[in-house]
Amino acid sequence: MSSEKNIGGQAKDLVLLFYDKTQLRFTNKDIMIAIKSAKSLLNSGYTFDEIKNTIEYCVENQPPKGIYSFGFISNQINRVLAILKQKEKENIATKSIDKSKFSNYGISEVSNKDKMKPREIKVDTSIFD
């Protein structure tokens with residue numbers, strides 16, 4: 001998110017994103033409480049992207065009872081950020097090299113079949129004469 005927006009604007013965008021992703025029913029009072037909670041998170045030092053990633057993670061991995069309010073995000077943010085950080089480390093460690101980006105450096109693949117010499121087959125035809 002652009003840093004030009006004030007904390008109130010960012011909080012509003014996060015709350016609207018939350019309600020859009022969760023498809024929960026809400027009232028004006030719910031929106032105001034959620035914006036206050038989002039402002040509190042932003043003032044505590046969490047970035048817009050951290051809160052957004054937490055919302056997306058919680059929506060994808062809902063608890064058995066489901067997500068009931070934006071307060072759930074405030075409650076789960078530290079745990080989710082730790083999980084996301086761990087996943088990022090694992091992705092970096094296990095990132096495979098895309099072989100199509102590299103040439104074979106002059107080494108051609110030769111199969112065992114290509115290495116075999118053709119055989120000459122001799123058939124004894126004297127028994128047919």
Side-chain angles (χ1 to χ4, degrees):
M1 190 61 160
S2 68
S3 59
E4 299 169 5
K5 274 197 169 184
N6 61 5
I7 289 178
Q10 290 179 351
K12 179 184 172 189
D13 289 344
L14 287 167
V15 169
L16 294 177
L17 173 74
F18 171 79
Y19 281 109
D20 183 49
K21 296 267 186 189
T22 58
Q23 299 296 315
L24 292 173
R25 296 177 119 188
F26 57 89
T27 63
N28 287 342
K29 184 177 179 181
D30 295 333
I31 294 286
M32 295 310 294
I33 292 170
I35 288 175
K36 187 175 179 182
S37 180
K39 280 183 184 180
S40 175
L41 287 174
L42 290 166
N43 286 329
S44 297
Y46 294 105
T47 65
F48 179 88
D49 290 330
E50 288 175 335
I51 300 168
K52 180 180 172 229
N53 292 339
T54 302
I55 291 169
E56 291 170 351
Y57 179 86
C58 288
V59 168
E60 290 172 8
N61 304 296
Q62 288 192 20
K65 293 183 180 180
I67 298 175
Y68 43 88
S69 71
F70 193 85
F72 181 79
I73 302 302
S74 299
N75 187 11
Q76 296 293 314
I77 192 163
N78 288 326
R79 183 184 68 81
V80 170
L81 289 177
I83 291 170
L84 294 176
K85 189 174 181 179
Q86 183 64 29
K87 282 187 178 182
E88 185 178 326
K89 284 182 181 179
E90 290 173 3
N91 286 341
I92 291 171
T94 60
K95 193 173 189 179
S96 63
I97 297 174
D98 186 9
K99 292 180 182 178
S100 64
K101 291 182 181 178
F102 299 101
S103 69
N104 61 2
Y105 300 106
I107 302 170
S108 61
E109 293 184 27
V110 179
S111 68
N112 286 337
K113 187 176 182 181
D114 295 336
K115 292 180 187 177
M116 293 175 54
K117 295 180 183 177
R119 291 191 214 170
E120 291 183 24
I121 300 175
K122 295 182 180 180
V123 179
D124 185 15
T125 58
S126 62
I127 60 172
F128 297 114
D129 294 332

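- Here the CD1-CG distance, from Ile77 to Leu41, works out to 5.0 Å after rounding to the nearest 0.5 Å.
- Note that CD of Gln23 is 12.0 Å distant from CZ of Arg25, once rounded to the nearest 0.5 Å.
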Check: So Leu24 and Phe18, side chain to side chain contact (heavy atoms under 4.5 Å, CB included) or not? Walk me through it.
Finding: CA-CA 9 Å; Leu24 292 173; Phe18 171 79; 4.0 Å; yes

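- Cluster annotation: Val80 is not connected to Leu42 through the hydrophobic network of ILVMFWY side chains, with a link wherever side-chain heavy atoms come within less than 4.5 Å.
- Judged purely by distance below 3.5 Å, without hydrogens or angles, the side chains of Thr27 and Asp30 pair a donor atom with an acceptor atom.
- Nearest heavy-atom pair, Ile67 versus Cys58, reported as atom, atom and distance to 0.1 Å: CD1-O, 3.4 Å.
- Residues Phe48 and Gln10 share a closest heavy-atom pair of CE1-O, 3.6 Å.
- Of all heavy-atom pairs between Glu50 and Gly45, the closest is OE1-O, 4.3 Å.
- Taking CG of Asn43 as the reference point, atom CD1 of Ile7 lies at 4.0 Å (rounded to 0.5 Å).
- Here the CG-CD distance, from Asn61 to Gln76, works out to 11.0 Å after rounding to the nearest 0.5 Å.
- Interatomic distance, Lys85 NZ to Glu90 CD, rounded to the nearest 0.5 Å: 13.5 Å.
- Phe26 and Tyr19 have tilted rings, their planes meeting at an angle from 30° to 60° on a 0 to 90° scale.
- Checking side-chain atoms of Ser44 against main-chain N and O of Ser40 turns up a donor-acceptor pair under 3.5 Å.
- Between Glu56 and Lys52, the closest side-chain pair of non-hydrogen atoms falls below 4.5 Å.
- Side-chain contact check for Phe72 versus Lys65: every heavy-atom pair is 4.5 Å or farther apart.
- Residue Ile73 comes nearest to Ile51 through the heavy atom pair CG2-CG2, 4.5 Å, listed as atom of the first residue, atom of the second, then distance.
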Note to self: Pair Tyr46, Leu81 - check side chain to side chain contact (heavy atoms under 4.5 Å, CB included), show working.
What the structure shows: CA-CA 10 Å; Tyr46 294 105; Leu81 289 177; 3.8 Å; yes

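- Within 6.0 Å of CG on Asn28 lie no more than 12 heavy atoms contributed by other residues, nucleotides or ligands.
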Note to self: Between Phe70 and Ile33, is the side chain to side chain contact (heavy atoms under 4.5 Å, CB included) condition met? List the steps.
What the structure shows: CA-CA 8 Å; Phe70 193 85; Ile33 292 170; over 6 Å; no

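- Taking CG of Asp49 as the reference point, atom OG1 of Thr54 lies at 10.5 Å (rounded to 0.5 Å).
- In this structure a side-chain-to-backbone donor-acceptor pair under 3.5 Å is missing from Asp20 to Leu16.
- Ser69 contributes a side-chain N or O that, together with a main-chain N or O of Gly71, makes up a donor-acceptor pair within less than 3.5 Å.
- Cluster membership for Tyr57 and Tyr68, using ILVMFWY side-chain heavy atoms within less than 4.5 angstrom, is not shared.
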